[in-house]
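Only one structure is covered here, and it is reproduced in the block below.
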Amino acid sequence: MTADGVYGTDIPFASGLTVLWADNTKGKSTCMQGMLYALGLERMLSPRREIPLPHAMTTYLNTDDEKRIEVLESSVSLEIANGESQVITVNRAVKASTDTRLVSVDFGPALSGGATDLKRQNFFVLDPGAAQREDGFHHFLEGFLGWRLPQVRRYDAPETKLYLETVFPLFWVEQKFGWTAIPAAIPTYMRIREVHKRAVEFIMDLDVYKLEVQRERLAERIAANSKEWSVVRQELDRFIARGGGRVASLSENPLADPAALSNAHVQLAEGTEWIPLATVVMQLRANIADLAAKAVPVVEEQSEEVTQKLQQLTQDVDQLNAERIRLHGIQQLKLADMRSLQRRIAALDDDLVKNLDVQRLQRYSGVAAALTPDRCPTCEQALVDTLLSQEALSAVMPVSDNIEYIRSQKKMFEDILVREQSAESERRDQLSAISRKLIDCYSQIRLLRSELVAPGTNPSAAIIEERIRAEARMRDLEALQAIFDDAIDRLRTLQDAYAELLQERAQIPTEKLSPSDRDKLNRLTRLVQSQAKDFGFSTFSPSELSISEDSYRPEKEGFEIGFETSASDAIRLKWAYQMSLLELARDEPTNHPGMLVFDEPRQQSSSRPSFQNLLSRAAGAKGRDQQVIFSTSEDLETLKAITASIDCEEVIFPGYILQKLD
């Protein structure tokens, strides 16, 4: 709506190739960008939310008689159909009282059919959730197209959906930015990792990313399983250590072997030896039974036996203290050795880095000769060191040999350090057990000494306490065994889950590409080679072109094609790539929508034969139920001479596209 009435246009796009022609600045690109705008895809062009349409849709428009008319209201309507022959009409305001983030969808052919009683539903675009929530237009459009966009990794967040704005550039090339990259000018500001690869993988329906995600998620589950195993193991070690024991024959990491947990058991420190918990429990039960079978004697009957026990405990304390002093002395020496090993390893790390840098510099400079102390490395003159005997001079080890020697030395010292750390952990457990044993012995000594001075007719407190202590010890050991059994049950559950995860991993193909993926890429390579030849690509032989299995970009002999091509050949290669994606969808199962839009495809003054071959190849879409739309301002006579020989539809506007409507 303008101050001079209603202006607009109606452009039909038939199946197959449609060529839209208008002179420069007459509104051709306005129509192409208007379709993108109707679909809410302006963020494909820029992260800014500004309307990507010129003044003819927002402020004023020019007419063929050179008048300037103010625009009061404007909107875009686009009728689209999917593979199920369902038709919808998308309406979006450009300048109106309603918010431009509102998209209205009529369920039916409101433009071509002229129906007015169609069901209408409103959606929103641009706001968060437009691609995920039920009322978001891109969520609706994704379902309408029959797509299921994958979840992909981001740089600043775990996962997000592969947005439509990253997929459309593979089959919709707009004039300003679309011709700047091969395969497409895909926006990167959405922070999606390797967004070009993810978009191509989706359009080609490759299995590679699905397999990669499966591997990553399986690796995460395996890592979580190992982490939980370590947590259970560490908790168990702490509980057992408090009871004066240690866990033996238990792996630090999960194992799939069902018998891996059967040998795990608890050991208790008895002096300087480690005794299995089961053995200690059996001995303690026998001792408790013996004590329970005897009556509690009086003090005078126990005096001689108490004296002997006191002497024995005193000897035990002396032995334990001696052992503690010995272990403590060893511990101090070993700690000093470990610190020395750590310093040595750090020095070797520094030497290794320096030698690697020297090797790198030699490789870069082309100097690989070994340095010798009797030869100047710069001028190669002989040197005589008068402070050393000439017999002391010998060849210096080459840098490569020196690196290997340093690495072997570092590995050896690291292995020694690991052994020393393991021995240190065992010494700490022994010292802890000895300390607890000493506390118990001192407690018994105090009790026995008090009994020696007690009245002779009193019941023996030592015997009574021995029974109590034995029963309390039995309860502690039973609790310790219960904790151990519970932990083993948890570890067995983790072990079963770990075995299932390994089976899942074994079922995932080890190769990066599935056979289907490889066939599609080989087919795409042949199509690109064929079309590049048809379009006159001449920088090198088109047969040398291939599609990278890593980046999916065109390459030659394993190297991506960059500045070595001319500007016109770069355009030809882009034609070939995106036309090949369209043709690939004819023979292979892909997610390609079966349409291709080129706005001003004849960039960089591409030759007429190249442009003619492009149109001829694009015309083949009609027989394959595909649609190609080219908009151009090519010389009209030249264009008509080309289109006269091919099967296509022409939409020609001799003046401004936006005209006054009746």
Side-chain angles (χ1 to χ4, degrees), residues 207 210-270 272-285 338 407-408 410-430 432-433 476-512 514:
D207 298 325
K210 303 171 190 174
L211 295 176
E212 183 180 332
V213 170
Q214 287 181 17
R215 293 189 192 99
E216 288 182 1
R217 291 180 176 170
L218 191 59
E220 290 173 357
R221 291 165 62 193
I222 291 175
N225 183 282
S226 299
K227 183 178 180 180
E228 189 172 354
W229 179 288
S230 299
V231 169
V232 174
R233 173 66 195 269
Q234 291 170 6
E235 290 177 353
L236 180 61
D237 285 339
R238 286 196 296 269
F239 279 116
I240 300 300
R242 291 173 190 169
R246 68 179 184 181
V247 181
S249 303
L250 181 59
S251 172
E252 296 288 341
N253 300 304
L255 299 174
D257 184 6
L261 295 175
S262 59
N263 296 327
H265 62 282
V266 177
Q267 294 179 342
L268 297 177
E270 293 292 334
T272 59
E273 297 182 358
W274 292 96
I275 309 298
L277 175 61
T279 303
V280 176
V281 168
M282 184 174 62
Q283 294 173 352
L284 188 56
R285 281 184 179 143
M338 289 166 61
R407 283 175 173 162
S408 64
K410 182 172 175 285
K411 179 67 168 57
M412 179 185 69
F413 286 124
E414 287 174 343
D415 291 342
I416 295 173
L417 181 60
V418 169
R419 290 197 299 270
E420 291 296 338
Q421 288 172 338
S422 177
E424 171 59 22
S425 177
E426 185 171 345
R427 277 192 297 272
R428 284 198 303 269
D429 291 339
Q430 288 181 334
S432 179
D476 291 342
L477 295 183
E478 289 175 347
L480 209 62
Q481 184 66 47
I483 291 172
F484 177 77
D485 292 341
D486 180 65
I488 291 299
D489 289 340
R490 293 168 62 188
L491 292 177
R492 186 166 285 110
T493 301
L494 292 173
Q495 185 185 58
D496 294 341
Y498 181 73
E500 293 177 0
L501 291 172
L502 293 185
Q503 290 178 357
E504 287 185 36
R505 187 171 67 180
Q507 294 172 358
I508 298 177
T510 56
E511 294 187 0
K512 179 181 177 182
S514 67

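Just so you know, these numbers use all the heavy atoms, side chains as well, and skip hydrogens, waters and symmetry mates.
Evaluation of the side chain to side chain donor-acceptor pair (under 3.5 Å) rule for Glu220 yields Arg153 as partners, not counting sequence neighbours. In terms of the side chain to side chain donor-acceptor pair (under 3.5 Å) criterion, residue partners of Asp415 (sequence neighbours excluded) are, by chain and number, Lys411. Annotation: side-chain contact (heavy atoms from CB on, under 4.5 Å) contacts of Pro276 (sequence neighbours excluded): His265, Thr279. With sequence neighbours excluded, the residues that form a side chain to side chain donor-acceptor pair (under 3.5 Å) with Asp237 are Arg233. Shown here are the side chain to side chain donor-acceptor pair (under 3.5 Å) partners of Arg215, two or more places apart in sequence or in another chain: there are none. Val213 meets the side-chain contact (heavy atoms from CB on, under 4.5 Å) test with Tyr209, Arg217; sequence neighbours excluded. Remark: Met412 pairs with Gln409, Ile416 by the side-chain contact (heavy atoms from CB on, under 4.5 Å) rule, at least two apart or across chains.
Between atom CZ of residue Arg246 and atom OG of residue Ser425 there is a gap of 9.0 Å, rounded to the nearest 0.5 Å. Note: Gln234 CD to Leu236 CG = 11.0 Å, rounded to the nearest 0.5 Å. Leu268 CG to Leu277 CG: the interatomic distance, rounded to the nearest 0.5 Å, is 5.0 Å. A distance of 6.0 Å separates CG of Asn253 from OG of Ser230, quoted to the nearest 0.5 Å. Distance check: Arg427 CZ to Glu420 CD gives 6.5 Å after rounding to the nearest 0.5 Å.
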Compile the donor-acceptor pairs under 3.5 Å between side chains in residues 476-494 and protein atoms, sequence neighbours left out, one pair per line.
from: Gln481; atom 1: NE2; to: Asp485; atom 2: OD1; distance (Å): 2.9
from: Thr493; atom 1: OG1; to: Asp489; atom 2: O; distance (Å): 3.2

In residues 497-508, what donor-acceptor pairs under 3.5 Å come from side-chain atoms, sequence neighbours left out?
from: Glu504; atom 1: OE1; to: Arg221; atom 2: NH1; distance (Å): 3.2
from: Glu504; atom 1: OE2; to: Arg221; atom 2: NH2; distance (Å): 3.4

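Across all non-hydrogen atoms, the minimal contact from Trp274 to Gln267 is CB-OE1, 3.6 Å.
Listed by first then second residue, pairs satisfying salt bridge (charged side-chain N to carboxylate O under 4.0 Å, His left out) with a partner in residues 253-263 number zero, not counting sequence neighbours. Legend: salt bridge (charged side-chain N to carboxylate O under 4.0 Å, His left out) pairs involving residues 258-269, not counting sequence neighbours: none detected.
In this structure, Ser432 contributes its side chain and Arg428 its backbone to no donor-acceptor pair below 3.5 Å. Gln495 places no side-chain N or O within 3.5 Å of a backbone atom of Pro254 that could act as its donor or acceptor partner. Checked by atom type and distance alone, the side chain of Ser226 pairs as donor or acceptor with a backbone atom of Ile222 at under 3.5 Å.
Within 6.0 Å of the CZ atom in Phe413, the count of heavy atoms belonging to other residues, nucleotides or ligands exceeds 12.
No side-chain donor-acceptor contact under 3.5 Å links Asn263 and Ser249.
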